[in-house]
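FYI, the numbering just counts along the sequence from 1.
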Amino acid sequence: MKIKTEAGERHVLAITVDNEAGVLAKITGLFTARGYNIESLTVADISSDHALSRITIVTNGPPPIIDQIIAQLDRLVPVHKVTDLIDEGAHVEREIALVKVAGTGDKRIEALRMADVFRAKVVDTTLTSFIFEITGSSDKVDRFIALMRECGLVEVGRTGVVAIARGAEAL
């Protein structure tokens, strides 16, 4: 099976589910069965009694296929609600990355200067390396990582996209 990554539009799905074993596998299986890639996936407990979780999935696909996936997600027993935030309108997306950069001298100074421009925080430092924390849109994180390659990028850890609709109402 070939995974499809280029076809269609970008979609950000917010899925509220029961917080139980196997739910994530069922949900990702719907994408796999159609050969569509999940670009980003985050999961977090969202209720005080730990009964519910929210899954945020970023994917690309033609609207009819995404609509079909959403309809099938809605029919799964542990799924309470599925929302395509792109279709809902205004929403906020953020991603966090930890970026390790090694270097000395001018490269070290340049890494600190660029981190300041991007409002990245230094969360760990040694005499030969930094670990930066950067928060923002995926594009911002991508641009920061690209610039850090020139300064001695060693390693990157990313959370994936977390998104929420704007306004006073809950989804």
Chi angles and distances behind the side chain to side chain contact (heavy atoms under 4.5 Å, CB included) call for His91, Ile86
CA-CA 8 Å; His91 65 280; Ile86 300 297; 3.6 Å; yes

Mind listing the closest non-hydrogen atom pair of [X] and [Y] along with its distance?
X      : Y      : answer
Ala111 : Met148 : O-CE, 3.7 Å
Ala163 : Arg54  : O-NH2, 2.8 Å
Val23  : Pro78  : CG2-CB, 3.6 Å

With rounding to the nearest 0.5 angstrom, report the [atom1] to [atom2] distance, [X] to [Y].
X      : Y      : atom1 : atom2 : answer
Glu110 : Glu150 : CD    : CD    : 10.0 Å
Phe144 : Phe132 : CZ    : CZ    : 5.5 Å
Ile57  : Tyr36  : CD1   : OH    : 15.0 Å
Asp18  : Leu52  : CG    : CG    : 6.5 Å
Asp142 : Arg158 : CG    : CZ    : 4.5 Å
Ile134 : Arg119 : CD1   : CZ    : 10.0 Å

Does CG in Asp49 sit with more than 12 non-hydrogen atoms of other residues, nucleotides or ligands closer than 6.0 Å?
yes

Is there a donor-acceptor contact under 3.5 Å from the side chain of [X] to the main chain of [Y]?
X      : Y     : result
Thr59  : Asn37 : yes
Thr83  : Leu85 : no
Thr159 : Ile96 : yes

Report the C-alpha distance between Asn19 and His50 in whole Å, list the side-chain angles of each, state the deciding distance to 0.1 Å, and finish with yes or no for side chain to side chain donor-acceptor pair (under 3.5 Å).
CA-CA 7 Å; Asn19 187 9; His50 308 290; 5.4 Å; no

Would you kindly confirm whether [X] and [Y] end up in one hydrophobic cluster when ILVMFWY residues are joined by side chain heavy atoms under 4.5 Å apart?
X      : Y      : value
Ile38  : Leu30  : yes
Ile70  : Leu24  : yes
Val92  : Val161 : no
Val122 : Ile145 : yes
Val117 : Phe130 : yes

Kindly indicate, with the supporting measurements, whether the criterion side chain to side chain contact (heavy atoms under 4.5 Å, CB included) is fulfilled by Val156 and Val141.
CA-CA 10 Å; Val156 176; Val141 172; over 6 Å; no

With side chain to side chain contact (heavy atoms under 4.5 Å, CB included) as the criterion, how do Arg108 and Thr125 come out once you've worked through the C-alpha distance, each side chain's angles and the decisive distance to 0.1 Å?
CA-CA 11 Å; Arg108 187 172 173 85; Thr125 186; 3.3 Å; yes

Side chains of [X] and [Y], heavy atoms from C-beta outward: is any pair under 4.5 Å?
X      : Y      : result
Ile131 : Lys100 : yes
Ile27  : Val79  : yes
Ser47  : Asp45  : yes

Let's go through Val99 and Phe118 carefully: what are the C-alpha distance in whole Å and the side-chain angles of both, what is the deciding distance for side chain to side chain contact (heavy atoms under 4.5 Å, CB included) to 0.1 Å, and is it a yes or a no?
CA-CA 13 Å; Val99 180; Phe118 278 83; over 6 Å; no

Out of His11, Glu9, Arg10, which residue meets the side chain to side chain contact (heavy atoms under 4.5 Å, CB included) rule with Asn60?
Arg10

